[in-house]
A.B. asks: 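Here it is, the structure, as structure tokens.
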Amino acid sequence: MKSINIVPLEPAKALKTQVYEALKEIIGQMDIYSSDEQVRLDERALGERLGVSRTPVREAISRLEQEGLVQNIARRGAFVVRKSKQEILDMIDVWAALESMAARMATFRASDEEIAALRKNFASFGDSENARAHIDEYSETNIEFHQTIIELGKSPLISQMAGQLFFHMSAIRSSTIKERDRISRSVIDHIRIIEAIEERDPYHAEQLVRDHALELAKHVDKFVDYLE
């Protein structure tokens, strides 16, 4: 598992909120789909790393369990939830609907400056060779790209619904982007999506984003055997 950055806690916030946000950030950085191994959350170790007692860590884990990100197993402890292949495929279908509608709305709701920022943030990975050479950085940029599309749609309800899927969607995107040269297809698709939004073409932007997500579903269905 790659090294995980832990952000220092902010004194201004309530401790339990800080611990919850920190723990959610930690889980968000975990590569939970790269192997069959379950990821266990050690309350004592997490408390030591965050500089707090086990009580706020336990409370944060309970809150994350309510959100479906963590599962407490009797006499074993708390584990990060891993979805089955079918559950992931269902999530991708729903995400495709949400993100494609957000892209459609972005063509007439996003400002010129916001659209320009979308291109600028992606500019450093304008070709697949550069993206492959900096695969970890590209993986993070890939996740940010899809988050930004949701945000540019400026629909609070879509953002809320997408947020419920985001953790597992980002985890499976991070895991699969390195497989079967998907990175080349990703770079091309992203550029075409940006162009459609820049042209303020709602139909094309919606179609491109939906097709891009459904290609991920096809890949998961055909090649991702470690989710069985």
Side-chain angles (χ1 to χ4, degrees), residues 1-95 98-99 102 136 139-151 153-177 220 226-227:
M1 186 181 295
K2 68 179 182 180
S3 177
I4 295 174
N5 296 320
I6 297 182
V7 180
L9 302 181
E10 301 176 28
K13 289 186 177 181
L15 181 60
K16 64 180 181 180
T17 300
Q18 294 184 67
V19 174
Y20 161 76
E21 291 177 351
L23 189 52
K24 193 168 186 176
E25 179 68 21
I26 291 170
I27 293 174
Q29 295 180 46
M30 293 178 176
D31 189 357
I32 63 171
Y33 290 116
S34 62
S35 71
D36 294 330
E37 183 181 353
Q38 284 187 300
V39 179
R40 183 175 180 274
L41 300 176
D42 187 318
E43 291 180 5
R44 185 188 301 277
L46 287 168
E48 290 176 353
R49 294 178 69 179
L50 291 171
V52 299
S53 69
R54 295 176 66 176
T55 299
V57 173
R58 189 176 299 114
E59 291 175 348
I61 288 175
S62 177
R63 184 172 171 182
L64 291 167
E65 184 176 21
Q66 293 174 7
E67 295 179 10
L69 298 182
V70 172
Q71 178 183 19
N72 265 302
I73 301 177
R75 295 182 295 280
R76 292 186 59 198
F79 294 83
V80 179
V81 169
R82 280 169 50 96
K83 298 295 185 179
S84 68
K85 175 185 279 192
Q86 188 55 56
E87 287 173 326
I88 289 293
L89 290 173
D90 288 344
M91 283 184 173
I92 296 174
D93 286 344
V94 175
W95 182 276
L98 294 173
E99 189 184 5
D136 289 334
S139 181
E140 293 178 5
T141 301
N142 179 38
I143 302 304
E144 291 173 6
F145 177 86
H146 292 287
Q147 279 183 293
T148 303
I149 296 295
I150 293 292
E151 292 168 2
K154 300 186 178 181
S155 166
L157 183 56
I158 286 180
S159 294
Q160 177 186 352
M161 295 173 70
Q164 295 172 359
L165 304 174
F166 178 72
F167 171 71
H168 291 283
M169 283 297 303
S170 61
I172 200 64
R173 284 190 186 279
S174 296
S175 177
T176 59
I177 194 64
V220 170
Y226 46 84
L227 287 180

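All heavy atoms count here, side chains included; hydrogens, waters and symmetry mates do not.
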A.B. asks: Roughly how far apart are Asn72 CG and Glu65 CD, rounded to 0.5 Å?
C.D. replies: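 Between atom CG of Asn72 and atom CD of Glu65 there are 4.5 Å.
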A.B. asks: Could you tell me if the side chain of Arg40 sits less than 4.5 Å from the side chain of Asp42, heavy atoms only?
C.D. replies: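 Yes; the side chains approach each other to less than 4.5 Å.
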A.B. asks: Taking side chain as C-beta onward, heavy atoms only, is Phe79 less than 4.5 Å from Ile73?
C.D. replies: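 Of all side-chain heavy-atom pairs linking Ile73 with Phe79, at least one is under 4.5 Å.
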A.B. asks: Between the main-chain N or O of Ser84 and the side-chain N or O of Glu87, is there a donor-acceptor pair closer than 3.5 Å?
C.D. replies: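 Between the backbone of Ser84 and the side chain of Glu87 there is a qualifying donor-acceptor contact (under 3.5 Å).
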A.B. asks: Run the side-chain contact (heavy atoms from CB on, under 4.5 Å) test on Leu41 and Ile27 for me, step by step, so that the C-alpha distance in whole Å, both residues' side-chain angles and the decisive distance to 0.1 Å come before the verdict.
C.D. replies: CA-CA 9 Å; Leu41 300 176; Ile27 293 174; 4.0 Å; yes
A.B. asks: Has Ser62 got a side-chain atom pairing as donor or acceptor with Arg58's backbone, closer than 3.5 angstrom?
C.D. replies: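 No, the answer is negative, given that no donor and acceptor are paired below the 3.5 Å cut-off.
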A.B. asks: Any luck finding a side-chain donor-acceptor pair between Tyr20 and Glu25 under 3.5 Å?
C.D. replies: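 Looking only at side-chain atoms, Glu25 and Tyr20 do not form any donor-acceptor pair under 3.5 Å.
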A.B. asks: Any luck finding a side-chain donor-acceptor pair between Gln71 and Arg82 under 3.5 Å?
C.D. replies: no
A.B. asks: Specify the closest pair of heavy atoms between Ile150 and Ala162, including all atoms of both residues, with the distance to one decimal.
C.D. replies: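 Of all heavy-atom pairs spanning Ile150 and Ala162, the closest is CD1-CB, 4.0 Å.
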A.B. asks: Is it the case that the side chain of Tyr33 and the backbone of His168 share a donor-acceptor pair, with hydrogens and angles ignored and the cut-off at 3.5 Å?
C.D. replies: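 Between the backbone of His168 and the side chain of Tyr33 there is no qualifying donor-acceptor contact (under 3.5 Å).
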A.B. asks: Locate the shortest heavy-atom distance separating Ala102 from Ile149; write the atom from each residue and the value.
C.D. replies: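 So the two residues come closest at CB-O, 3.6 Å.
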A.B. asks: Hey, what do you get for CD1 (Ile32) to CG (Leu69), rounding to the nearest 0.5 Å?
C.D. replies: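 The CD1 atom of Ile32 sits 8.5 Å away from the CG atom of Leu69.
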A.B. asks: Treating Ser170 as the side-chain partner and Phe167 as the backbone partner, does any N or O pair qualify as donor plus acceptor under 3.5 Å?
C.D. replies: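 It does hold such a pair.
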A.B. asks: Does Met161 reach the side chain of Trp95, with side-chain heavy atoms less than 4.5 Å apart?
C.D. replies: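 Not in contact.
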A.B. asks: Under 4.0 Å between a side-chain nitrogen and a carboxylate oxygen: does that hold for Lys16 and Glu59?
C.D. replies: no
A.B. asks: Could you check whether any side-chain heavy atom of Glu48 comes within less than 4.5 Å of a side-chain heavy atom of Arg54, counting everything from C-beta outward?
C.D. replies: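 Answer no - side chains too far apart.
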A.B. asks: Could you give the distance from CG (Leu23) to CZ (Arg63), rounded to the nearest 0.5 Å?
C.D. replies: 11.0 Å
A.B. asks: Which value, rounded to the nearest 0.5 Å, describes the distance between Glu43 atom CD and Ser53 atom OG?
C.D. replies: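 One finds 10.0 Å between CD of Glu43 and OG of Ser53.
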A.B. asks: Before you tell me yes or no, could you show the steps for Met169 and Glu99 under side-chain contact (heavy atoms from CB on, under 4.5 Å), namely the whole-Å CA-CA distance, both residues' side-chain angles and the distance that decides it to 0.1 Å?
C.D. replies: CA-CA 12 Å; Met169 283 297 303; Glu99 189 184 5; over 6 Å; no
A.B. asks: Would you name the heavy atoms of Val57 and Leu46 that are closest together and state the gap between them?
C.D. replies: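 Here Val57 and Leu46 meet closest at CG1-CB, 4.2 Å.
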A.B. asks: Quick one: CG on Asp93 to CG on Leu98, what's the gap to the nearest 0.5 Å?
C.D. replies: 11.0 Å
A.B. asks: Nearest 0.5 angstrom please: Leu165 CG to Lys83 NZ, how far?
C.D. replies: 9.5 Å
A.B. asks: What heavy-atom pair brings Ile172 and Thr176 nearest, and what distance separates the two atoms?
C.D. replies: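 Taking Ile172 first and Thr176 second, the nearest heavy atoms are O-OG1, 2.8 Å.
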A.B. asks: For Ser175 and Ala171, indicate whether the former's side chain and the latter's backbone hold a donor-acceptor pair under 3.5 Å.
C.D. replies: no
A.B. asks: So do Lys24 and Leu64 actually touch side chain to side chain, heavy atoms under 4.5 Å?
C.D. replies: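 Of all side-chain heavy-atom pairs linking Lys24 with Leu64, at least one is under 4.5 Å.
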A.B. asks: Which is it for Val80 and Gln38 under the side-chain contact (heavy atoms from CB on, under 4.5 Å) test, yes or no, and what are the steps along the way?
C.D. replies: CA-CA 7 Å; Val80 179; Gln38 284 187 300; over 6 Å; no
